[in-house]
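Below is one structure, written out as structure tokens; comments come after it.
Just so it is clear, the values below take in all heavy atoms, side chains as well, and ignore hydrogens, waters and symmetry mates.
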Amino acid sequence: MSDRLPQILIVDDEPANLILLEELLRAEGYEIILAASGIEALQLAKTTSPDLVLLDVMMPDMDGFEVCDSLRKDEQLKVTPVIFLTALDDEQSQIKGLELMGDDYITKPFNSRLLVAKVSSLLQLNQMRTQTTPVDSQRISDDRKNGSVAVQVEEDASEKLRLFVPEQFLERIAPQGVNSIKLGNFTEEELTILFCDIRGFTTIAESQTASETYQWLNVFFNQMSVCIDSNYGFIDKYLGDAIMAVFDREQFHQEDALNAAIIMQKSLEKFNEERDQFQIQDPLRIGIGIHTGIGMIGTLGSESRMDSTVIGDVVNTASRLEGLTKTYGCKIIVSQETMCYEEQPLEITSLSDAKLAHQSQTKSSSFYYRWLDKVAPRGKQKAIKIYELFGNQSHLIDSDKTQTLTLFENGVAAWQMGELTQALLCFKQVIEQDPTDIVAELYIQRCQEQLKVDS
């Protein structure tokens, strides 16, 4: 490879997968080429000579195995690195892929960090291979054919553990290797926890077969996983139709969680554009709650059955905040503990996508949010301040609220000072501009009720 950006050819017949993989790898600095079929992939490979091929297996007309076989028979493309990315996780499929001299085999849903690491490693390895002598190249080819299949399968089995126990957990509970895991291993640290839940999941599931539900749910989880992984988080567990994610990057975990939540909501828009193929009638909606605090990461359970998890008040509070999104009609609710490093919300009167793009060059870490309330979440005695998050400098998930932000904040300030008539006027003006603002409606009711009491 020269000084140009490495080119990666992504092959998948699912448009949503192409979009997700393109966003993930383009963010890593790669040039991306997309192909929606095996035939198209071979045509593009011959004209562009990509540095690496990321190849789905299950495709109509020409599957990934056939594509790889054709690449290996092409003199120009025979040493191009190939990573199989597929839902097929049986050992025979993996062996077949390796026998066709595929370089790696990753099963869906995949860990984004693992995928990015393998792409980077293979690109570097291939660059080294191109600098070897013909004798060296022949030896590498012979080794791959004769002895490496069993070794690779063994490595894949080890990597499968990381699909169930994230690398971030293993670093804490098994610092001396997997064999060092034992009940009660834990570390205590400040974390940001994100809970995400699908609205109306039961209704959707009742109208489908179990296999249909599993199909779209795994696609949804895969998309959300990419959003979380790309913002330095990891998924602690899937709870039916919900996700619990952990963000632990020192000094940046609050910001990482906020960015992940926004991108998750934007990614949901792409999922909903394709929902017809999953027999989902209405657009899918999700609620997200985020809280920062001290948590314990470790192993919990018994000697015969243990699990890796995070426990602590930070987890319970994040879950409660997700539940409050239903009450306040918000997509994302964040605690003050998470927003505390953002001391003042932005003053916005009018904000277009063009202005957003321009501003992002100088103020990329800013978020768009507003004060919601001070509440004691269910099961807690201490009240906390909560905020509604609706965008960052790259994405807006509710542009109407940026237009009414000043009016809304004036209303909140008047409410807090006991100036109920002025507060009522401000919130009514918010509703005139945005009739869907449930929070403004809530404060109108509060003002009216308090005015009745005072009179």
Side-chain angles (χ1 to χ4, degrees), residues 6-14 16-28 30 32-36 38 41 45 50-59 63-69 71-72 80-126 144 148-170 178 215 218-230 233-235 238:
Q7 287 186 328
I8 299 177
L9 173 60
I10 302 175
V11 189
D12 201 306
D13 62 323
E14 290 289 342
N17 291 341
L18 287 176
I19 293 171
L20 284 170
L21 291 167
E22 179 183 17
E23 288 186 355
L24 175 65
L25 294 174
R26 196 179 294 280
E28 297 296 322
Y30 301 120
I32 304 302
I33 307 166
L34 301 178
D51 298 298
L52 182 143
V53 180
L54 192 57
L55 183 59
D56 185 33
V57 172
M58 299 296 290
M59 294 185 294
D63 65 29
F65 294 139
E66 294 172 311
V67 174
C68 184
D69 187 47
L71 291 173
R72 294 296 177 241
T80 302
V82 174
I83 298 178
F84 289 109
L85 185 61
T86 176
L88 295 175
D89 62 353
D90 60 285
E91 190 172 282
Q92 284 302 116
S93 296
Q94 295 183 43
I95 291 174
K96 181 177 180 180
L98 294 168
E99 286 177 340
L100 290 169
M101 290 188 288
D103 292 81
D104 217 322
Y105 195 103
I106 302 177
T107 55
K108 301 176 184 177
F110 58 88
N111 182 301
S112 297
R113 287 187 183 180
L114 177 64
L115 175 61
V116 168
K118 288 194 172 187
V119 166
S120 175
S121 177
L122 274 176
L123 287 171
Q124 293 179 53
L125 181 59
N126 194 54
R144 289 172 66 187
S148 65
V149 172
V151 173
Q152 185 67 51
V153 170
E154 183 177 347
E155 290 176 354
D156 287 345
S158 177
E159 285 174 0
K160 278 208 175 291
L161 175 63
R162 286 166 170 78
L163 294 177
F164 295 92
V165 183
E167 185 69 35
Q168 295 89 335
F169 271 120
L170 291 175
V178 174
Q215 182 185 12
N218 278 320
V219 172
F220 168 80
F221 281 150
N222 191 58
Q223 288 191 209
M224 297 300 108
S225 175
V226 171
C227 300
I228 292 165
D229 290 345
S230 63
F234 61 96
I235 293 175
Y238 296 102

Working to the nearest 0.5 angstrom, can you tell me the gap between I83 CD1 and Y105 OH? 13.5 Å
Side chain S121, main chain A117, donor-acceptor under 3.5 Å: no
Kindly give the heavy-atom pair with the smallest separation between L24 and S230, and that separation in Å. CD1-CB, 4.3 Å
Correct closest heavy-atom pair for K118 and I106 would be CD-CD1, 3.7 Å
Here the gap from L34 atom CG to L21 atom CG, rounded to the nearest 0.5 Å, amounts to 9.0 Å
Of all heavy-atom pairs linking L9 and A45, the shortest is CD2-CB, 4.1 Å
Please enumerate all residues that pass side-chain contact (heavy atoms from CB on, under 4.5 Å) together with A16, with sequence neighbours excluded. Q223
Could you list the residues that satisfy side-chain hydrogen bond (donor to acceptor under 3.5 Å, both in side chains) with S120, not counting sequence neighbours? Q124
Between I235 and M224, does the side-chain contact (heavy atoms from CB on, under 4.5 Å) criterion hold? Intermediate values first, please. CA-CA 10 Å; I235 293 175; M224 297 300 108; 5.9 Å; no
List the atom of F84, the atom of G102, and the distance in Å for their closest heavy-atom pair. CE1-CA, 3.9 Å
I19 meets the side-chain contact (heavy atoms from CB on, under 4.5 Å) criterion, sequence neighbours left out, with E23, K270
Answer yes or no: is there a side-chain heavy-atom contact under 4.5 Å between S225 and Y238? yes
What's the separation between atom CD1 in I10 and atom CG in L85, rounded to the nearest 0.5 Å? 9.5 Å
Those residues that, when tested against N222, pass side-chain hydrogen bond (donor to acceptor under 3.5 Å, both in side chains) (two or more places apart): none
Sorted by chain and residue number, the side-chain contact (heavy atoms from CB on, under 4.5 Å) partners of E66 (sequence neighbours excluded) come out as M62, D63
Go through the structure and list residues passing side-chain contact (heavy atoms from CB on, under 4.5 Å) with T80, not counting sequence neighbours. V53, L77
When you measure from the side chain of D51 to the backbone N and O of Q7, does any donor-acceptor pair fall under 3.5 Å? yes
Could you report the tightest heavy-atom contact between D56 and M58, atom names first, then the distance? OD2-O, 3.1 Å
With P81 as reference, evaluate I8, L54, D103, L123 under the side-chain contact (heavy atoms from CB on, under 4.5 Å) test and give the passing residue. D103
Side chain to side chain, P6 and L52, heavy atoms closer than 4.5 Å: no
Taking all non-hydrogen atoms of both residues, which atom of V57 and which atom of F65 are closest, and how far apart? CG1-CE1, 3.7 Å
